[in-house]
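Everything numeric here is computed off the predicted structure, so don't read it as measured data. Residue indices begin at 1 and follow the sequence shown. Atom set for the values below is all heavy atoms of this structure, side chains included, hydrogens, waters and symmetry mates excluded.
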Amino acid sequence: MLPPDDQLTLCFAHVAYRFAERYAQRGGRLKHFEVRSLEELEARIGEADVLLVSGMWRNHLAAKAPRLKFIQSISAGVDQYDKAVLAGAGIRLASAQGANANAVSEHAMSLILAQARLLPQARDNQVKQHWRGMIGDLTQREDELGGKTLLVVGIGRIGGRLARLAKAFDMKVIGLRQDPAKGSEGADEIHGMDQLHAQLARADIVALCCALTPETRGLMNAAAFAAMKPGATLVNVARGAVCDEAALIAALSSGQLGQAALDVTVEEPLAAASPLWTLPNVFITPHTGGETRAYEGNVLDLLEANLPRLRAGEKLVNQVV
């Protein structure tokens, strides 16, 4: 399926990640090049046998890539790829699922802590050089996580590790997944996704960790927000489209949803006119949950595991197509 190593060419395609540098540092011996824009990728994709890419991918590129045999996605999510187009072109695809499991679960836990300890407000006060005094109103104070209930929507590698981190803070953890028989991953309880509304009513904090699929698109809609415990917290480290954004803004504005910490939005970058920028009960990070100094190496580990599997005709790690 692949040409011999001395004829094989890798293409690394990302606006910022330093794959070529990291590949060279680990002694990578395959011919490779790196592109930083869609225009560069369109111009050079015909040279590549193997492509590492994520957000830069466009499905029309398959027709411009006669040599391309394998895409190692840089991202865990693969909703940007038309699987039928890839299969028709004879291009295999594997996701980077697991490469960011530690990073995203730690980011989700950080967002939970930041909201509980009012860290965004503290940073805002620091910028204003304002020393906030003691607060008499219990509803406005910092809070503790012990004894709180966390609902993890999507107990997989990320959600499972988040569950274990939350248990270290003495939280009760409820997990949801498509097939509960696959295990609780450290949660105290595990339920099917069809139990979403019933479990939302029990949770003080809801963390979205699920993949974006036809079933999860718009999962958190007006009815779901209405089912939540009034004043609860939402953390989204999944995909922006898992939330109906208009319903999210309405729930935040009405106070039904107490606060939200969002690493993802439907449109990225978030439009300047979006109310999410200025709502006082929203904390936004710019889709950096999976971004760490170790990320390139984690994805390269997957690539190096998958190349021999391709040659042997074996199932790929995180195979999608």
- Tell me the salt bridge (Lys or Arg N to Asp or Glu O under 4.0 Å) pairs involving residues 122-134, sequence neighbours left out? Arg132-Glu142
- Task: Would you please name every residue forming a salt bridge (charged side-chain N to carboxylate O under 4.0 Å, His left out) with Asp143, sequence neighbours left out?
- Result: Lys148
- Gln140: what forms a side-chain contact (heavy atoms from CB on, under 4.5 Å) with it, not counting sequence neighbours? Ile135, Asp137
In a table with atom names and distances, give each donor-acceptor pair under 3.5 Å that connects a side chain of residues 57-64 to protein atoms at least two apart or in another chain.
| unit_1 | atom_1 | unit_2 | atom_2 | d |
| --- | --- | --- | --- | --- |
| Trp57 | NE1 | Asn59 | OD1 | 3.0 |
| Arg58 | NH1 | Gly55 | O | 2.9 |
| Arg58 | NH1 | Met56 | O | 3.4 |
| Asn59 | OD1 | Asp82 | N | 2.7 |
| Asn59 | ND2 | Gln80 | O | 3.3 |
| His60 | NE2 | Glu42 | OE2 | 2.7 |

- Item | Residue pairs involving residues 174-184 (criterion side-chain hydrogen bond (donor to acceptor under 3.5 Å, both in side chains); sequence neighbours excluded) | none
- Separation between OH of Tyr23 and CZ of Arg29, rounded to the nearest 0.5 Å: 7.0 Å
- Query: Quick one: salt bridge (Lys or Arg N to Asp or Glu O under 4.0 Å) pairs with a partner in residues 95-114, sequence neighbours left out?
  - Reply: Glu106-Arg161
- Message: Taking salt bridge (Lys or Arg N to Asp or Glu O under 4.0 Å) as the cut-off, I'd like each qualifying pair that reaches into residues 221-239, sequence neighbours left out, listed once.
- Response: Asp79-Arg239, Asp204-Lys229
- side-chain hydrogen bond (donor to acceptor under 3.5 Å, both in side chains) pairs touching residues 243-257, sequence neighbours excluded, are none
- Does any pair with a residue in residues 264-275 pass side-chain hydrogen bond (donor to acceptor under 3.5 Å, both in side chains), and if so which ones, sequence neighbours excluded? Glu268-His287
- Task: Just jot down the salt bridge (charged side-chain N to carboxylate O under 4.0 Å, His left out) partners of Arg309, sequence neighbours excluded, or say none.
- Result: none
- Output all residues satisfying salt bridge (charged side-chain N to carboxylate O under 4.0 Å, His left out) with Asp49, sequence neighbours left out; order by chain, then residue number. Arg67
- Item | For Arg157, salt bridge (charged side-chain N to carboxylate O under 4.0 Å, His left out) partners two or more places apart | none
